[in-house]
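Structure in structure tokens, see below.
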Amino acid sequence: MMKRVGVALVAILVALSLTGLAFAAVKHVTGEVVSMYKAMKTIVVSTEGQQLIFSVEGKPAEALSGLNPGDMVTVEYVEEGGKRTARAITKG
């Protein structure tokens, strides 16, 4: 009985954590790379007169190695709690 309750509780917690991700709206921005901080896993992109800072992890972080300041990029990202997290970075 306790094992079933534990499994049900874990399933509920997983479902709730995934629900938060599902409601985050995916946004896109195109701009020029200003700088990258590989150790801090961030990229700064200039667009429409402002500089946006994106956190990068996983696959988008791998894209940093092929970028240089001045490159044009499109960043697909989600914004939660004032933090922008890149989901994909495309050069060009």
Side-chain angles (χ1 to χ4, degrees):
M1 178 70 169
M2 289 297 286
K3 191 173 188 178
R4 286 186 186 187
V5 171
V7 170
L9 182 58
V10 169
I12 290 170
L13 291 174
V14 168
L16 289 174
S17 68
L18 294 177
T19 303
L21 293 175
F23 290 115
V26 176
K27 302 176 184 180
H28 297 83
V29 67
T30 299
E32 182 180 338
V33 174
V34 175
S35 57
M36 300 159 304
Y37 303 97
K38 293 176 187 172
M40 294 175 25
K41 296 183 180 177
T42 58
I43 185 172
V44 180
V45 177
S46 177
T47 182
E48 298 179 8
Q50 61 180 340
Q51 293 186 352
L52 303 176
I53 300 171
F54 299 93
S55 171
V56 293
E57 298 175 8
K59 196 149 186 94
E62 295 170 12
L64 292 181
S65 63
L67 297 176
N68 295 303
D71 287 345
M72 291 300 292
V73 294
T74 298
V75 180
E76 178 183 297
Y77 68 99
V78 293
E79 187 170 0
E80 294 179 292
K83 180 180 177 183
R84 294 178 196 94
T85 303
R87 297 181 73 180
I89 301 172
T90 308
K91 186 175 177 179

Donor-acceptor contact below 3.5 Å, side chain Thr47 vs main chain Thr30: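 The answer is yes, because a donor-acceptor pair under 3.5 Å joins these two groups.
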Which residues share a side-chain hydrogen bond (donor to acceptor under 3.5 Å, both in side chains) with Glu57, sequence neighbours left out: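 For Glu57, no residue satisfies side-chain hydrogen bond (donor to acceptor under 3.5 Å, both in side chains) once neighbours in sequence are set aside.
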Those residues that, when tested against Lys27, pass salt bridge (charged side-chain N to carboxylate O under 4.0 Å, His left out) (two or more places apart):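 For Lys27 the salt bridge (charged side-chain N to carboxylate O under 4.0 Å, His left out) partners, ignoring immediate neighbours, are Glu79.
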Residue list, side-chain hydrogen bond (donor to acceptor under 3.5 Å, both in side chains) with Thr85, at least two apart or on another chain: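 Result, side-chain hydrogen bond (donor to acceptor under 3.5 Å, both in side chains) vs Thr85: none returned.
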Which atom of Pro60 lies closest to which atom of Ala88, heavy atoms considered: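 Looking at all heavy atoms of both residues, the closest pair is CG-N, 3.8 Å.
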Pairs flagged by ring-ring contact (aromatic ring centres under 6.0 Å, His included) wherever residues 49-92 is involved - sequence neighbours left out: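 Residue pairs with at least one partner in residues 49-92: Phe54-Tyr77.
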Cluster check Val56, Val29: I/L/V/M/F/W/Y, side chain < 4.5 angstrom: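 Hydrophobic grouping puts Val56 with Val29.
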Identify all side-chain donor-acceptor contacts of residues 37-46 below 3.5 Å with residues at least two apart in sequence or on another chain.
| from | atom 1 | to | atom 2 | distance (Å) |
| --- | --- | --- | --- | --- |
| Tyr37 | OH | Ser35 | OG | 3.4 |

With sequence neighbours excluded, residues passing side-chain hydrogen bond (donor to acceptor under 3.5 Å, both in side chains) with Lys59: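 side-chain hydrogen bond (donor to acceptor under 3.5 Å, both in side chains) check on Lys59 returns nothing, list empty.
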Side chains of residues 65-73: which donor-acceptor partners sit under 3.5 Å, not counting sequence neighbours?
| from | atom 1 | to | atom 2 | distance (Å) |
| --- | --- | --- | --- | --- |
| Ser65 | OG | Glu62 | O | 3.0 |
| Asp71 | OD2 | Asn68 | N | 2.7 |

Minimal non-hydrogen separation, Met36 against Leu64, with atom names: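 Between these two residues, the closest heavy atoms are SD-O, 3.7 Å.
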Pairs flagged by salt bridge (Lys or Arg N to Asp or Glu O under 4.0 Å) wherever residues 44-54 is involved - sequence neighbours left out: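 Residue pairs passing salt bridge (Lys or Arg N to Asp or Glu O under 4.0 Å), neighbours aside: none found.
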